Protein chains: 2
Amino acid sequence: MRVLKAMEQTNFLPNAMARNLAKNKSYLLGVMIPDVKNTVLDDLINGINHVSELYGYNTMLSLTSGMLENELHYFKKFREIQADGIILASEYLKEDLVENIKQTNIPCILVGRDRSDTIPSVHIDNITAAYEAVTYLIQQGHRKIGMLRLRNEDIASGYQRYQGYAKALTEAGITINRDWVIECGVSVEDGMIAMRRICAATDIPTAIFCATDRIAIGAMNYLFERGLSVPSDVSIYGFDGIDMSSIIRPKLSTVKYSAREIGMTAARNLIKLIKGETMTPRHWVLPHYLENRESVRLLK
Amino acid sequence: MRVLKAMEQTNFLPNAMARNLAKNKSYLLGVMIPDVKNTVLDDLINGINHVSELYGYNTMLSLTSGMLENELHYFKKFREIQADGIILASEYLKEDLVENIKQTNIPCILVGRDRSDTIPSVHIDNITAAYEAVTYLIQQGHRKIGMLRLRNEDIASGYQRYQGYAKALTEAGITINRDWVIECGVSVEDGMIAMRRICAATDIPTAIFCATDRIAIGAMNYLFERGLSVPSDVSIYGFDGIDMSSIIRPKLSTVKYSAREIGMTAARNLIKLIKGETMTPRHWVLPHYLENRESVRLLK
DNA sequence: CAAATCTAGGAAAACGCTTTCCTTAATTTA
DNA sequence: TAAATTAAGGAAAGCGTTTTCCTAGATTTG
């Protein structure tokens with residue numbers, strides 16, 4: 001008792017390593033994301049950090065570049081360092097990792113996608129969101145609608161956004177023109193390249209739905225360089241609602257949602273899981289909405 | 001010996017906490033940055049992570065919002081968790097923290113700024129860079145040159161960039177017009193607001209040097225909304241060379257440097273320090289260069 | 001072949017805490 | 001006041017490693 005007092009008065013700092021070893025608890029949350037740079041993930045991190053800090057947890061960030069080998073590597077590292085739980089933003093989610101997770105049964109939450117099985121998750125409804133965006137395009141009178149989709153079908157959100165696109169077209173009785181759906185990387189430059197491919201065709205679409213805002217910005221950029229105008233010549237629809245989307249001209253119409261909220265929800269529930277509480281629902285799907293701005297034209 | 005073999009064959013994972021306690025070494029690098037979102041810091045993180053991974057270190061990222069109390073808080077946390085070293089990107093660097101660092105003599109590297117005393121650092125020469133940019137503006141025929149500078153003089157890089165601006169003007173025999181140097185936050189919106197203040201004057205400058213690209217983008221955005229054209233009506237010069245600077249139209253002229261390189265250099269040298277090797281030089285100043293693009297007009 | 005050298009493996013101590021157990025002192029109860 | 005209950009502080013064990021030290025056996029040397 002008075003020993004404790006004395007400790008406080010001296011500037012005594014407990015050794016967290018020793019404490020964690022004794023308590024068999026690390027107060028560490030592992031966070032795996034593909035990259036800090038390219039997407040909406042900075043908001044995600046912000047959200048995660050915010051609530052983990054609130055609950056006295058530390059976070060350890062690992063950048064996987066989306067590669068399975070890195071994911072496996074860091075998963076092992078997190079276990080070595082006795083992380084209490086893991087938040088996993090994995091676009092490509094290979095069975096190897098899933099197996100690892102199931103076997104070790106370390107608390108783990110999937111973020112940005114859903115496997116609708118044993119691994120809990122928090123994400124948005126990409127299919128519906130994309131469906132709504134493309135339906136909006138159709139309502140504005142567009143029928144020649146292309147898509148700049150993500151390259152790999154393994155990328156869950158990318159594929160789901162394509163599914164939503166396809167569903168909207170199909171429902172409207174429009175057949176998909178294969179020349180207008182282009183696979184594309186995640187950078188702005190990739191968007192430019194993909195847009196060029198679309199423009200190479202004789203018949204070009206009046207509207208393009210893009211899998212991400214960065215791609216959309218790249219596409220707009222290419223159109224500008226080519227002397228085509230958005231939205232007069234081509235309408236563009238983005239996805240993610242990054243802050244640049246409202247800065248560029250014309251302002252980009254896009255699907256918005258809060259990555260920060262996703263991060264906060266994930267961290268909150270991961271900590272629940274760690275404490276042995278139950279997480280309900282096991283799969284959170286957070287809201288999205290259409291932010292319709294200037295990059296889409298009404299076709300009479 | 002054969003016990004070790006057996007351990008390897010079973011999928012045995014050593015407990016890093018126990019190892020670290022025994023070895024009195026954590027293989028953890030603490031990283032403090034103001035924010036992931038707002039600047040060039042994502043590249044920094046990338047660089048740091050890259051080399052720390054190379055050397056078998058883990059990094060722990062803390063977001064300080066640039067606030068002293070948070071910096072102090074995380075500094076303490078890093079010590080508790082026995083971090084082997086700390087990389088500190090602190091814009092406002094208060095004496096409190098400096099004292100802490102000196103007293104604990106935990107290996108620590110300052111990033112993005114310089115205190116030219118006991119704490120080693122890696123950064124760029126902000127004064128010279130700003131001087132060169134503004135001199136370029138002058139060479140292009142501008143004499144009415146404003147600046148959107150950062151709000152707080154405590155922000156080292158911000159203040160240094162202002163110093164460079166002032167030096168260039170003074171050398172050219174131009175007196176600084178107080179109405180044209182506006183203090184400004186770090187977001188794109190802040191840039192818009194600051195630009196509006198400049199435009200409120202009767203006489204507006206022909207060129208604006210901005211402390212960061214984000215501010216510059218905000219300024220351009222405001223000018224666009226106001227129906228003024230860049231660079232015909234106002235020339236804009238940015239700082240940082242973020243990727244968006246080459247995407248927006250007109251392409252932004254800006255001071256470029258590699259934040260990733262800064263991060264890598266910092267991590268490399270921190271690890272040296274940890275190993276007890278000497279760091280030479282104690283203060284690295286990394287290169288910058290002018291990326292002159294479209295946002296500056298030649299005044300006849 | 002005996003003595004000296006080397007080697008491998010086991011035992012024990014240490015890292016700095018938490019937790020459990022025990023002793024002694026303080027407080028309460030009849 | 002003696003017995004019973006409570007409180008508080010000290011001692012010891014344990015967490016899973018590394019490191020140091022020691023012993024018994026194998027190998028080399030004269």
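First the proteins, then the strands, lettered A, B, ... as listed; each starts at 1. Predicted model, so just to flag it, every value in this text is computed and none were measured.
When rounded to the nearest whole Å, the span between NZ of A:Lys25 and P of C:dG16 equals 23 Å. Rounded to a whole Å, the CG atom of A:Leu13 is 17 Å from the C1' atom of C:dC15. The distance between atom NZ of B:Lys23 and atom C1' of D:dT17, rounded to the nearest whole Å, is 10 Å. Distance B:Tyr27 OH to C:dC15 P: 18 Å, rounded to the nearest Å.
The nearest pair of heavy atoms linking B:Arg268 to B:Val51 is N-CG2, 3.6 Å. Contact between A:Ile81 and B:Met17 at its shortest, heavy atoms only, is O-CE, 3.4 Å. A:Ala211 approaches A:Phe239 most closely through the heavy-atom pair O-CB, 3.3 Å. Nearest heavy atom pair, residue A:Ala83 against residue A:Ser26, reads CA-OG, 3.5 Å.
The salt bridge (charged side-chain N to carboxylate O under 4.0 Å, His left out) contacts involving residues 17-28 of chain A comprise A:Arg19-B:Glu80, A:Lys25-A:Asp84, where partners must be two or more places apart or lie in separate chains.
When the C1' atoms of four end pairs are superposed on the next four at each end of the helix from C:dC1-D:dG30 to C:dA30-D:dT1, using five pairs per end, the two resulting axes differ in direction by 40°, to 10°.
Using a 4.5 Å heavy-atom cutoff, the side chains of A:Arg149 and A:Cys184 are not in contact.
Using a 4.0 Å cut-off on heavy atoms, none of the residues of residues 73-82 of chain A approach DNA chain C. The stretch residues 15-22 of chain B comes close to DNA chain D through B:Asn15, B:Ala18, B:Arg19, B:Ala22, each having a heavy atom under 4.0 Å from the strand.
At distances below 3.5 Å, not a single donor-acceptor pair connects side-chain atoms of A:Asp43 with backbone N or O atoms of A:Arg260.
For A:Pro120, the side chain to side chain contact (heavy atoms under 4.5 Å, CB included) criterion is met by A:Ile109, A:Leu273, A:Met279, A:Arg282, not counting sequence neighbours. Every ring-ring contact (aromatic ring centres under 6.0 Å, His included) that B:Tyr162 has, sequence neighbours left out, goes to B:Tyr165.
Atom NZ of A:Lys76 has 12 or fewer heavy atoms from other residues, nucleotides or ligands within 6.0 Å.
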